[in-house]
Each structure stands twice: as structure tokens, then as C-alpha cells.
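A short worksheet on the structure shown next.
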Amino acid sequence: MKNLKYNSIESTASNFGFTLEIHLTEVCNYNCSYCNLHNMNRYYKIDYDKLFSIEYPSNTRAFILGGEPTVDKNLFKLIEKLNEHQIYDIDIQTNLSTNIQKIVEKLQERNLRVKFFSSFHNEFADFKEFVDKNKFLVESGYYGGIHYMWTKRFATLSYNRFKILNSLFDNVSLEPTLPHSFDEDEWDKKAELHKFAELNLMQHSKRMTPTIKIDGIEMTIGDALLNNYERGVYGINCSIPKHAITFSTTKNKFFNCCFDLVADREFVYDNWKSGSCQCSHKMCCADIEYSKRRE
């Protein structure tokens, strides 16, 4: 492991205002090779008193993640509870493997409005079925966007399928499964970032659409990562904790980001608004990184 140091690069987080990210479950009916949620089968009771112990800003957007949230029996009650606390802007990340028509019917019966952001995983998903389900979401008014999980193994297939999805739907983004470690050899072996640049796909890597400035120049996340890589810097400065908070129902605890959750480090509430996050990971789930210079 290399000795790394911080390098200051200006960045601001989401254009959506404040984000409450809720990890509803670790259960998933897929077993993707690049995912850390393998063989999880646990469900948990949500501590709603703890979840709503914070007075969230009026512009709060809730983002419900898993595992696979649509397999969790608590999903509908969680949405109702969010509405009760005046949080109506709700997005759900799903692999669309479940019966989305039935789920939408239940949402409509309860007069609940959400947007579904679907993730396509080549290892398990059927492409035609995925397209048809997203068409249904568009027609029913529950469509939010598509995250296409890019892996080197399916690079050519991914490029062709992404072009099809991008021609059919709005808000389609690529999610490259880049390495999450400080192992410089592992990073240097990865050609995905350069491949993205060659295919002019950098602008599509934009999960939380932050605005990033390097030396006063605004650029996309992908372009910023490649720019920093060429300069020997690992990433950009993370300001997500100023604009977001993560709640894990599996632990009923707050964290300052998804990777703090994975690392099992409890969130320190006093540091929330200051945004003082000292993350040890190279890349975070929002596709933005701490800037650490390689020695």
C-alpha cells in the first residue's frame, strides 16, 4: 500500500439539495461478482424514532437502496413514514427483477409517489425484460432513470446495450465498476477509465450529479477522475457529508456515507454539518473520491 496524502480540490455535492440515503436491506436476489452483498438473507425492523430523530431540511430527497429494496416487506411503510415527515421526493434503486407492475399498483392504491432508478447488471438481467419494465415505468409515471453497470467482462456488449437504452430513455448513466482499494497496481491495470474517455462516455458517469471544479474549471465526474489520474492524484475532495446523511436499517445507525457503513464505522453526528469526513476508501458510491496523491 502506497503512502498517500490529501490534495485540495474544490467540489460541491448534489444538485438535489439534501439527500437522505436509506439502506433498507442487505438482501438481494442477484449475486453480482463486483458487489459486496453476497449471500445476505437478513431482514430488520426499522427504528423509525431513530430515523426521524433528525429534523431534515425542507428540500430533502430520500434515496432508498439495498440490496434490493423491492424484496423488503418494509418498503411501503417506509415510504408512508417519509411522507408523514414531509419527505415526498423519493427515489428507489432497483434491479427490476421483481414484479414492478404489482409494486406500482400497491403504490397507487396507497397514493404514494416515487421514482424508480433501475440498475442493469449483465450477469443476471434479461435485457428485453429490463427495457419493457422501464417502458412501463415511463408510462405509469414512476420512471426516474437507469444506471448501467459497466464491467470489463461485458465491455462490447455493454457499449451496444447502453446506446440502445440511451436512445429509448432519458437520464441513462453508466456506472463503471472501478477498483475501491489503494492498491496502485490494481488501479493501474484498470483500462476502463481510459476506455470511457476513448468512447466519449465520461459524461455518463454521474450517479449523484455533483458539480466539480479543478483549477476553476467545471467538469464531469468521469473527466475529473481521468484528469486527476493523469496528474497522479487519486480523486476529488468529497463534500457529500455536507449535503447528505446515510441511515442503515440493518444497524439502525447513521453514517456519513455508504462506505462508512460498509466499514462499520458509526457516523459522528457532531461532524455532520461541517462535512468533515476522513474516509479511507479511494472511491465512494456517489462516484466522487477523496483526493490522495500517489507517492
To the closest 0.5 Å, what do you measure between [atom1] ([X]) and [atom2] ([Y])?
{"X": "I146", "Y": "L168", "atom1": "CD1", "atom2": "CG", "result": "8.0 Å"}
{"X": "C28", "Y": "H121", "atom1": "SG", "atom2": "NE2", "result": "7.0 Å"}
{"X": "I22", "Y": "D91", "atom1": "CD1", "atom2": "CG", "result": "11.5 Å"}
{"X": "Q101", "Y": "K106", "atom1": "CD", "atom2": "NZ", "result": "13.0 Å"}
{"X": "S248", "Y": "D47", "atom1": "OG", "atom2": "CG", "result": "11.5 Å"}
{"X": "F124", "Y": "N31", "atom1": "CZ", "atom2": "CG", "result": "5.0 Å"}

Item checked: Test side-chain contact (heavy atoms from CB on, under 4.5 Å) applied to I164 and N160, step by step -> CA-CA 7 Å; I164 293 173; N160 292 332; 5.6 Å; no
With no hydrogens and no angle check, just 3.5 Å: does a side-chain donor-acceptor pair link [X] and [Y]?
{"X": "N122", "Y": "S158", "result": "yes"}
{"X": "N95", "Y": "N29", "result": "yes"}
{"X": "S118", "Y": "N134", "result": "yes"}
{"X": "T98", "Y": "E68", "result": "no"}

Common cluster, [X]/[Y], ILVMFWY with side-chain heavy-atom separation under 4.5 Å:
{"X": "V131", "Y": "Y148", "value": "yes"}
{"X": "Y88", "Y": "L24", "value": "no"}
{"X": "I92", "Y": "V104", "value": "yes"}
{"X": "V138", "Y": "V114", "value": "yes"}
{"X": "L165", "Y": "L157", "value": "no"}

Just checking, [X] and [Y]: is the charged tip under 6.0 Å from the six-membered ring centre and within 45° of the axis?
{"X": "R110", "Y": "F76", "answer": "yes"}
{"X": "K163", "Y": "Y159", "answer": "yes"}
{"X": "R113", "Y": "Y142", "answer": "yes"}

Hey, is the main chain of [Y] close enough, under 3.5 Å, to the side chain of [X] for a donor-acceptor pair?
{"X": "E123", "Y": "S33", "result": "yes"}
{"X": "K115", "Y": "G141", "result": "yes"}
{"X": "Q93", "Y": "F117", "result": "yes"}
{"X": "T249", "Y": "H23", "result": "yes"}
{"X": "D89", "Y": "A62", "result": "no"}
{"X": "D72", "Y": "T25", "result": "no"}
{"X": "N83", "Y": "I87", "result": "yes"}
{"X": "E55", "Y": "S53", "result": "no"}

Notebook entry, point to check: Does the pair L96 and L137 meet the rule for a side-chain contact (heavy atoms from CB on, under 4.5 Å), with working shown?
Noted result: CA-CA 10 Å; L96 278 188; L137 289 175; 4.0 Å; yes
Note to self: Does K135 form a salt bridge (Lys or Arg N to Asp or Glu O under 4.0 Å) with E139? I'd like the steps, not just the answer.
What the structure shows: CA-CA 6 Å; K135 286 181 178 178; E139 294 168 358; over 6 Å; no
Notebook entry, point to check: Pick from F52, Y56, Y48: which one makes a ring-ring contact (aromatic ring centres under 6.0 Å, His included) with H85?
Noted result: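 Going through F52, Y56, Y48 one by one, the ring-ring contact (aromatic ring centres under 6.0 Å, His included) with H85 is satisfied by F52 alone.
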Note to self: Under 6.0 Å between ring centres: does that hold for F120 and H147?
What the structure shows: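 No: the rings miss the under 6.0 Å criterion.
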Notebook entry, point to check: Are Y143 and F116 close enough that their ring centres sit under 6.0 Å apart?
Noted result: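 No - the distance between ring centres of Y143 and F116 does not fall below the 6.0 Å cut-off.
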Next item on the list: Test side-chain contact (heavy atoms from CB on, under 4.5 Å) on R61 and F18 and set out the steps.
Entry: CA-CA 6 Å; R61 165 193 182 230; F18 188 84; over 6 Å; no
Notebook entry, point to check: Can you check side-chain contact (heavy atoms from CB on, under 4.5 Å) on F63 and L20, steps first, answer last?
Noted result: CA-CA 6 Å; F63 194 40; L20 167 61; over 6 Å; no
Notebook entry, point to check: How far apart are the closest heavy atoms of L75 and T70, and which atoms are they?
Noted result: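 Looks like CD2-CA, 4.1 Å.
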